[in-house]
Each structure stands twice: as structure tokens, then as C-alpha cells.
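Working notes for the structure below.
All values below come from the heavy atoms of this structure, side chains included, with hydrogens, waters and symmetry mates left out. In what follows, every chain begins at residue 1, and chains take the letters A, B, ... in the order their sequences are listed.
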Amino acid sequence: MNIFVFVKRVPDTESKIRIDREHNTVIEEELNFVLSPYDEYAVEEALRVREAAGGKVTVFSIGPDEAKVTLKKALAMGADEAVLIKDDAPEAYDGLRIAKIISRLIKDKYPDYDLLLFGKQSVGADNSQVPAMVAEILALPQVNVVTKLDIDDNQGTAIREIEGAAEKVSFPLPAVISAQKGLNEPRYETLKGIMMAKRKEIPLISLQDLGLTEEELLPQLELIKMDNPPAREAGKVIEEEPEEAAKKLVEFLHKEAKVI
Amino acid sequence: MLLVYIEVREGKIKKASLETLSEGKRLADEMNMETAAVFVGSALDGLASEAFSFGAGKVYILDNSLLSQYSPSGYTEALFSLTEEIKPKILLMAATAMGRDLAPRLAAKLDVSLASDCTQVKVNNGELEVVRPLFAGKALASFRFKSSPVMATLRPNVFPLAEKTEGTGETIKKEVDVGDDKVKDRVAEVVRAEGNELDISEAEIIISGGRGMKGPENFDMLRELSGILPNAAVGASRAAVDAEWIDHQNQVGQTGKTVSPDLYMAFGISGAIQHLAGMTSSKFIVAVNKDPDAPIFKIADFGVIGDLFKIIPPLQEELKKVVEE
């Protein structure tokens, strides 16, 4: 089983997002970058599939040199290889651009695979686009937002989350799967894993190596403005006996919020 | 033409699709464009009239028995064949579970970029401009489109439904050619959650609990409250989900769902930044917490400092009284 996992370096979810309004970018200073949480479920699932079926797990990331730290984390968890596709372009929040890079990488450099695993979305861009786009470009079946995955030979079965229910899908490999929280409980890195990850070479591939021109990768979504949402003002806060507080709360719901 | 994909689940049109159609119609009118709706599946007769009454001038029905259940590849194939033929300028979908799965696949086939989960759409100098939240709402970004057709998905529960009219129009039924090899990711079975609870992404009122709920059994109190209120669902903070008191489907926040209900009630939720990001665009926020310094009070429209276990019982009684009136 040859398993590829695609991961992204993102600010952790406790981060306060400050914006450089002149350049429409997130100010990276003081941010703590981590392996995107949903990608962590994808790495864990890849390791579990490998443990059950044998094979190899290769982790890829697209981004600046700093993304090596993210790849090292996946190696320390137990991935066999890691590869960085070096891309210093500012975040464009355009899923198609990334999907094109990944598809070209797979077609040209890594054509031998059984399973492509992703997080259901990166924390930040919140797009949920890349897995489905890669699946289309490579003409593969896709199951996104997966909370349960079973792989048996060349066949997979996945449970995917929808509104108030779940969909069960059986599909042939190779296929694209994206992970939702609940799929598994990611393991911690072991000391041995961390030591091995430290020594491991991470090969670099440039966008030129993939024969991708700047023009081809120009984002087709033009980011014109970025800002923090308008701050909410604190309203009324009361501290009274429960019966009285309940009465006043219901009065608020009825007369001001008008939801009942 | 502006084309809206209409999602059907269990023989019924999704409300979020009608919201998207309503917004689409407003935009199309402003741009002097025709509005059309498209259905994909099989046995869809009788649904077109509802699309007409929400503003579609034309309805396409793409029929194939292989598409009776959702398949991202198969639905993409069907929609692609239609867009190749009628060349819409704008293509919209609701950002539901299906929309978020299908739209990017179709966008890749059309070789266009996609704006996901938009919360504002407007026409500026004849071009569409959208706003979408980043970082679960910690930032908002505006985008213009360089590729055509313009493709966007709209967040459910954000855009108002249009007034229903007695509209009619032309229904065009097409047998689409989708082979077995194009439905390899077809849904085999839909597994219903117990109790058929309303999803928080579709609820108008969310009653949420956090660490202050102290245990899974106490979420029943919130379920009872949500039972009294119309279109209400139970939500939770990450702390409550990670403690396995309630399923992840109910989680609000940056590793859960971003929601914008009419009313968000937070019980025993202190208001970690990743939680606030996911609910701060709610129309009204109510917080009940015993800690007067809880950050949630800084964004709540109405806060109650106190023991939620003492406040919920009289609150239930009061709510029942008002709802019964």
C-alpha cells in the first residue's frame, strides 16, 4: 500500500489573527505554527492503514522552508518519507492553485500510489477544495469529511459526515480521502520518532522542477481586502436570583431578540 | 445566465439551496441576467415548481438512474455537460455538506477557481464580489474572480429566503449520459443519526454547552431547552466534545462548525478564542456562566452570571409560558 498524505503548516487554533491591511496578509510574527489539525488525523490514518496492510507513508507539504517543521512532526509520528514542494508565494486562498501543483507532482514524479489522504480543510483558508479538485484532475473517486475508513485490498469503505446523518461509500483504490475530526485519535511522537525525524533528509522539489510556470499558477481569485470582523460590543450582564434572572432572560429573548 | 444548483435530500429541496436561489435571483436581476436552477438525480418530477416560486425562470432536470444517490464524480459529470452546453456566467451552490464536496470537483473540471462558503455577495461595477470568512471567522476577505464561469458556494442560514411567488417557467429535462465508471464514489447508504436531530449548521437557534455542563448526562437539560424552541439544535464547545460528552457533529468553533444562527445560547462556555471565532457572527448571543470574567461576556448581548444548573429549570418554565402564548 503506497499512501501519500498532504499536510499544511497553519497557525494554531488559539491564535489571534492580526492582519497587514496594506498587503492583505496575516502577520506571522508571534504566531505559533502547527500541523493543521485535520491533517494530523490524515497522518494518523495513513499510519494505521500501513500498520494493517503494510506499505509506505510519504508526507508532502507545499510551502516555505518553515514547513519542514510540519513535515518533521509527521515523520516523528511515524511517516516513512517527507517531501517539501517549495513555494514562497503568499497565501492566495485559491484551492485550484494548490490542486494543480499536487496533481502535477503526482503525475510527473510520484505516479505510483493507492491512497491520497488529506485533512478535510486547512485551518485558516477553510476552503475544503483541494482534495476534491485533486480527485477530479486525477480522475479518482473521492470521499470527504470521513469519520471512519476501512481498507481491504483494492477496496475501501468510508463513512462521511453530512447534516445530521452520515453517508456510507464503497469505492475502488486508488482514491482520495479527507479526514474529519473523530476519524481517530492521533498518536504522540515518541522520543525515538523525534530522533529519527531529526536525521531524516527532506528532499525539496521546486515549482520549476514540476514545469509549472508562474502564469499557470497565478491565483484566479483576486484577494482585494482582508480585515478582522467588526468587534461585537458587550451587552447587558446581570447577576440575580435564578428565578429573576430566568425571567429577565426570557424577556430579552421575547422583546429584544424576538426569537420567541 | 446565473445557474443555481438545487440540492435534494430524501425527496425534499434543501432550505439552503432556496436561500442560494433567492440570493442568486437578486444578483441576476441586478446584472440583467436570467436565473436558472438545476436539479441532478432521478425521480425529481414535481420539484421544479418550488424553484420557480423562488425566482428561477428556467429549470433543468438532469436525470439518470445511476444518480439516484449522490456521487461526486457522477454529479460533476452531469453538471459539467450542462454548463458546457448553456455556458452560465455565474454558478452558485449552497455550502452544505454536498455543496462543499461537489463544487470544488466541478470547479476543477471547469478549470476555474472557487470561493467557498461566502457570507456576502454583491455586484460591483458589473462584477461579482464576495466576502468569505477565513480562520473560522477571525478574518474576513473580499475576492473578485478572474476565471469564468464565476463559481461560489454560499453559507447556509446567512442569506434570507425570498418571498415565495406564483412563478412559472420552462422545465427542461435531460437524460444525462453518465457511465458506471463515473459513479465509483456513489453513496451506498445514508445512516441517520439517532433522533433525527437538526444539524447545528441549519438551526436558527443553538443551545450550546461547555465544560461547565460537568458531564454528558447534563446535556439532556440543553436538549429539553432546544425542544421547547423552534428550529433549535444543541451545540458544544471543544472541551465538551473532547471529553466525549457529546458528538463532534455538535462542535462549534475552529475545529468544529462555524455557525450564524439567530440566537446562540452558551451555557458554561468560557469563550476560548477558537470557540468565539465559530459563533461570533450569530445575530444574538446569550451567555450563562458563573465566572464573571469569562471572555464570552465580552461578546454576549445578554449575560447572566450564575449557576447554570439553578438557572435552567426556571428558564424552562418561563420559556414554555411564552412559547405557549
Side-chain angles (χ1 to χ4, degrees), chain A residues 13-14 16-17 19 37 93-96 99 123-129 132-133 135-137 141-144 161-172 181-182 220-229 232 234-239 242-243 245-247 249-250 252 254 257 259-260, chain B residues 72-73 97 100-101 104-105 108-109 113-116 134-147 184-185 187-193 197-199 201-202 205 248-249 254-255 262-263 273-274 280 284 297-306 310-311 314-315 318-319 322-323:
Chain A
T13 56
E14 295 303 321
K16 199 164 174 245
I17 300 299
I19 292 160
Y93 305 101
D94 183 359
L96 188 64
V123 155
D126 295 356
N127 260 329
S128 305
Q129 293 181 357
M133 287 176 163
E136 175 56 36
I137 297 170
Q142 76 185 48
V143 194
N144 287 313
E161 197 178 282
I162 61 169
E163 294 89 356
E167 291 177 333
K168 187 175 170 187
V169 186
S170 297
F171 54 91
K181 184 172 178 177
Q220 295 300 304
L221 277 178
E222 187 191 353
L223 178 56
I224 45 184
K225 195 181 150 207
M226 200 171 173
D227 215 332
N228 291 111
R232 278 189 93 104
K236 198 176 187 179
V237 180
I238 60 166
E239 185 171 14
E243 284 73 18
K247 257 188 200 150
L249 176 49
V250 171
F252 169 82
H254 186 51
V259 286
I260 51 166
Chain B
S73 317
R100 292 181 73 105
D101 192 59
R105 183 147 193 149
K109 189 149 182 109
S113 291
L114 166 70
S116 290
L134 304 174
F135 298 92
K138 290 176 187 173
L140 297 175
S142 306
F143 292 94
R144 269 195 296 259
F145 299 83
K146 289 184 179 166
S147 49
K184 285 179 183 164
D185 44 18
V187 170
E189 190 187 337
V190 177
V191 192
R192 279 255 141 226
E197 283 178 41
L198 182 64
D199 194 79
S201 65
E202 300 178 316
I205 297 177
H248 170 254
Q249 283 243 22
Q254 209 169 359
T255 49
D262 292 338
L263 171 66
I273 185 165
Q274 59 83 19
T280 193
F284 286 94
F297 286 129
K298 291 207 179 94
I299 64 152
D301 300 290
F302 195 94
V304 179
I305 300 168
K310 288 193 181 132
I311 289 165
L315 180 60
E318 289 296 321
L319 275 177
V322 176
V323 171

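Counting heavy-atom pairs closer than 4.5 Å to chain B, the top residue among A:Asn228, A:Asn127, A:Val259 is A:Asn127. The choice from B:Ser73, B:Gly306, B:Ala300 that makes the most heavy-atom pairs within less than 4.5 Å of chain A is B:Ala300. Looking only at heavy-atom pairs under 4.5 Å with chain B, the residue among A:Ala245, A:Gly95, A:Ala132, A:Pro37 that has the most is A:Ala132. The greatest number of non-hydrogen atom pairs below 4.5 Å with chain B, out of A:Val237, A:Leu96, A:Thr13, is found for A:Thr13. Contact count versus chain B (heavy atoms, under 4.5 Å) is highest, among A:Ile19, A:Ile238, A:Val123, A:Leu223, for A:Ile238. Ranking B:Thr280, B:Val190, B:Val187 against chain A, the residue ahead of the rest is B:Val187, based on heavy-atom pairs under 4.5 Å. Of all the listed residues (A:Glu239, A:Glu243, A:His254, A:Lys168), the one sharing the greatest number of non-hydrogen pairs under 4.5 Å with chain B is A:Lys168. If you tally non-hydrogen atom pairs under 4.5 Å between each of A:Gln129, A:Lys16, A:Met226 and chain B, the highest count goes to A:Gln129. Ranked by heavy-atom pairs under 4.5 Å with chain A, the first of B:Ala136, B:Gly137, B:Ala139, B:Ser142 is B:Ser142. Taking chain A as the reference chain and counting heavy-atom pairs below 4.5 Å, the highest number among B:Val304, B:Leu114, B:Asp262, B:Leu315 is found for B:Leu114.
Using a 4.5 Å cut-off between heavy atoms, A:Ala99 does not touch chain B at all. In this structure, chain A has a heavy atom under 4.5 Å from the side chain of B:Val322, while its backbone stays farther away. For chain B, the nearby part of A:Asp94 is the side chain; its heavy atoms alone come within less than 4.5 Å. Both the backbone and the side chain of A:Pro229 come within contact range of chain B, with heavy atoms under 4.5 Å apart. Looking at B:Val323, only its side chain comes within 4.5 Å of chain A, counting heavy atoms on both sides. Contact of B:Ser201 with chain A is made through the side chain alone, with heavy-atom distances under 4.5 Å. Of the atoms belonging to A:Leu221, heavy atoms from both backbone and side chain fall under 4.5 Å from chain B.
Contact detail for B:Ala97 and A:Glu161: the closest heavy-atom pair is CB-O, 4.1 Å.
Contact annotation: the side chain of A:Glu14 approaches that of B:Gln274 to within less than 4.5 Å [non-hydrogen atoms, C-beta and beyond]. Looking at heavy atoms from C-beta onward, B:Arg100 lies out of side-chain contact with A:Asn144 at the 4.5 angstrom threshold. Taking the side chain as every heavy atom from C-beta outward, B:Leu140 and A:Lys225 never approach each other to under 4.5 Å. Taking the side chain as every heavy atom from C-beta outward, B:Phe302 and A:Lys236 approach each other to under 4.5 Å.
In this structure, the side chain of B:Lys138 does not engage the main chain of A:Gly124 through any donor-acceptor pair within 3.5 Å. For the pair B:Arg144 (side chain) and A:Ile224 (backbone), a donor-acceptor distance under 3.5 Å is absent. With hydrogens and angles disregarded, no donor-acceptor distance shorter than 3.5 Å links the side chain of B:Asp185 to the backbone of A:Val143. No donor-acceptor distance shorter than 3.5 angstrom exists from the side chain of A:Gln142 to the backbone of B:Pro72, with no hydrogens or angles considered.
One finds the CZ atom of B:Phe284 at 8.5 Å from the CZ atom of A:Arg232 (value rounded to the nearest 0.5 Å). Atom CD of B:Glu202 is separated from atom CD of A:Glu163 by 4.5 Å, given to the nearest 0.5 angstrom. Taken to the nearest 0.5 Å, the CG atom of B:Leu263 stands 8.5 Å off from the CD1 atom of A:Ile260. In this structure, NZ on A:Lys247 lies 5.5 Å from CD on B:Glu318, to the nearest 0.5 angstrom. The distance from atom CD of B:Glu189 to atom CD of A:Glu167, rounded to the nearest 0.5 Å, is 11.0 Å. Between the CD atom in B:Gln249 and the CD1 atom in A:Ile162 there is a gap of 8.5 Å [rounded to 0.5 Å].
Using a 4.0 Å cut-off between a side-chain N of Lys or Arg and a carboxylate O of Asp or Glu, B:Lys146 and A:Glu222 do not qualify as a salt bridge.
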Working for side-chain contact (heavy atoms from CB on, under 4.5 Å), residues A:Asp126 and B:Leu134 | CA-CA 6 Å; A:Asp126 295 356; B:Leu134 304 174; 5.7 Å; no
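Remark: B:Lys184 NZ is loosely packed, at most 12 non-hydrogen atoms of other residues, nucleotides or ligands lying under 6.0 Å away.
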